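Numbers here simply count residues along the sequence, with the first being 1. These numbers were taken from a predicted model, which means no experiment stands behind them.
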Amino acid sequence: ILSNNLVEKYSVFKIYPSKLYIKIDKTEFLARLKRNGEDFFLGSNGKLIEIKEQQDGLPFIFGNFKKENFFELKRAIDETNFNYSRIKELFFFKLGRWDIKTDTGIIIKLPKYNLKKSLELSIKILLEDDKKKINEIDLRQNNQIIING
């Protein structure tokens, strides 16, 4: 069962005398990416699923990342009020850090560490400065924020 990339988890119950009940939970598609020229979904189970049909609203990931890198970022996003569905693109850099491009075109440059704190700060900046035209928030330096408009 686990060899199927669409399976998140499963459980098997034996109903005596001769029946089995199998419950299968499908993985959730979290992002799209390209590997070796082919398009894939990244599932919540950490597996790559070949794209058979497009699904709108999923961010596209650029860069050569490890699954652990992505799930660390996803966990930080889930622990904040940052709306994952507003992310259009994710860029991973060899240094181990991410940039986020939102559906409104704002680029948020995150540091390698303290992702949750940086995301919370970017949310605060965007909420307070919603009248200004912010194009980029750079949070890569300690104790420094650079905002470009």
Side-chain angles (χ1 to χ4, degrees), residues 1-12 22-149:
I1 292 177
L2 287 178
S3 65
N4 186 326
N5 288 345
L6 293 173
V7 174
E8 176 79 26
K9 62 183 178 179
Y10 71 96
S11 54
V12 179
I22 302 172
K23 182 180 178 204
I24 298 174
D25 294 333
K26 183 180 174 187
T27 192
E28 178 185 357
F29 298 146
L30 299 177
R32 298 173 294 143
L33 59 114
K34 220 180 233 318
R35 288 278 161 93
N36 300 323
E38 293 187 48
D39 294 328
F40 292 95
F41 289 123
L42 177 60
S44 56
N45 59 4
K47 295 182 180 180
L48 296 179
I49 300 118
E50 190 174 344
I51 293 180
K52 302 282 187 211
E53 58 186 63
Q54 288 296 331
Q55 186 169 340
D56 293 333
L58 293 177
F60 196 91
I61 304 175
F62 296 93
N64 194 10
F65 64 97
K66 294 179 183 172
K67 294 172 194 168
E68 298 83 29
N69 300 121
F70 172 77
F71 285 107
E72 179 184 358
L73 174 66
K74 180 70 168 89
R75 190 170 29 260
I77 291 170
D78 291 344
E79 291 174 358
T80 66
N81 289 331
F82 199 94
N83 189 345
Y84 184 76
S85 65
R86 305 279 319 261
I87 297 174
K88 183 177 180 182
E89 296 171 347
L90 295 164
F91 303 89
F92 182 76
F93 296 91
K94 289 181 183 179
L95 296 173
R97 59 166 218 85
W98 292 91
D99 282 359
I100 295 174
K101 183 175 183 182
T102 67
D103 58 354
T104 57
I106 299 169
I107 295 175
I108 302 169
K109 296 183 175 193
L110 297 170
K112 185 174 181 177
Y113 304 106
N114 300 320
L115 291 173
K116 182 178 173 184
K117 182 180 175 185
S118 297
L119 287 166
E120 288 171 343
L121 190 55
S122 67
I123 292 167
K124 188 174 180 179
I125 291 167
L126 291 171
L127 288 175
E128 288 178 3
D129 295 331
D130 65 348
K131 307 245 186 305
K132 297 178 184 176
K133 281 288 188 186
I134 296 174
N135 295 330
E136 183 179 280
I137 301 172
D138 189 341
L139 302 161
R140 295 176 292 176
Q141 301 296 321
N142 280 339
N143 302 319
Q144 183 179 8
I145 301 169
I146 300 170
I147 300 173
N148 293 319

Residue pairs involving residues 72-83 (criterion side-chain hydrogen bond (donor to acceptor under 3.5 Å, both in side chains); sequence neighbours excluded):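 Every pair satisfying side-chain hydrogen bond (donor to acceptor under 3.5 Å, both in side chains) with a residue in residues 72-83: Lys74-Asp78, Asn83-Ser85.
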Please round to the nearest 0.5 Å and tell me the distance separating atom [atom1] of [X] and atom [atom2] of [Y].
X: Lys116; Y: Ile77; atom1: NZ; atom2: CD1; result: 13.0 Å
X: Lys9; Y: Ile24; atom1: NZ; atom2: CD1; result: 13.0 Å
X: Ser44; Y: Lys26; atom1: OG; atom2: NZ; result: 10.5 Å
X: Arg32; Y: Leu90; atom1: CZ; atom2: CG; result: 10.5 Å
X: Ile22; Y: Ser11; atom1: CD1; atom2: OG; result: 9.0 Å
X: Ile107; Y: Glu89; atom1: CD1; atom2: CD; result: 8.5 Å

With a 4.5 Å heavy-atom cut-off, do [X] and [Y] have their side chains touching?
X: Val7; Y: Asp25; result: no
X: Phe41; Y: Leu58; result: yes
X: Leu42; Y: Phe70; result: yes
X: Leu110; Y: Ile100; result: yes

Do you know the tightest heavy-atom contact between [X] and [Y]?
X: Ile147; Y: Ile145; answer: CG1-CG2, 3.9 Å
X: Phe82; Y: Ile108; answer: CE1-CD1, 3.6 Å
X: Leu139; Y: Ser122; answer: CD1-CB, 4.0 Å
X: Arg86; Y: Thr104; answer: NH2-CG2, 3.3 Å
X: Ala31; Y: Ile61; answer: CB-CD1, 3.5 Å
X: Gly43; Y: Phe71; answer: O-CZ, 3.5 Å

Given Phe91, Trp98, Phe92, Phe93, the one that forms ring-ring contact (aromatic ring centres under 6.0 Å, His included) with Phe62: Phe91
Donor-acceptor pair between Glu8 and Thr27 side chains, under 3.5 angstrom: yes
Over 12 foreign heavy atoms within 6.0 Å of CD, Gln141: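 Check fails, neighbour count at 12 or below.
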Sequence neighbours excluded - salt bridge (Lys or Arg N to Asp or Glu O under 4.0 Å) pairs with any residue from residues 34-47: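 Every salt bridge (Lys or Arg N to Asp or Glu O under 4.0 Å) pair that includes a residue of residues 34-47, provided the two are not neighbours, is Lys34-Asp39.
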Expected output: side-chain Lys67 to main-chain Gly46 donor-acceptor under 3.5 Å: yes
Tyr84 (side chain) donor-acceptor with Leu30 (main chain) under 3.5 angstrom: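 Checking the backbone N and O of Leu30 against the side chain of Tyr84, a donor-acceptor pair under 3.5 Å is found.
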Check against side chain to side chain contact (heavy atoms under 4.5 Å, CB included), Phe65 and Leu73: CA-CA 11 Å; Phe65 64 97; Leu73 174 66; over 6 Å; no
Test side-chain hydrogen bond (donor to acceptor under 3.5 Å, both in side chains) applied to Asp138 - qualifying residues, sequence neighbours left out: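 Result, side-chain hydrogen bond (donor to acceptor under 3.5 Å, both in side chains) vs Asp138: Arg140.
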Salt-bridge criterion met for Lys101 and Asp103 (N-O under 4.0 Å): no
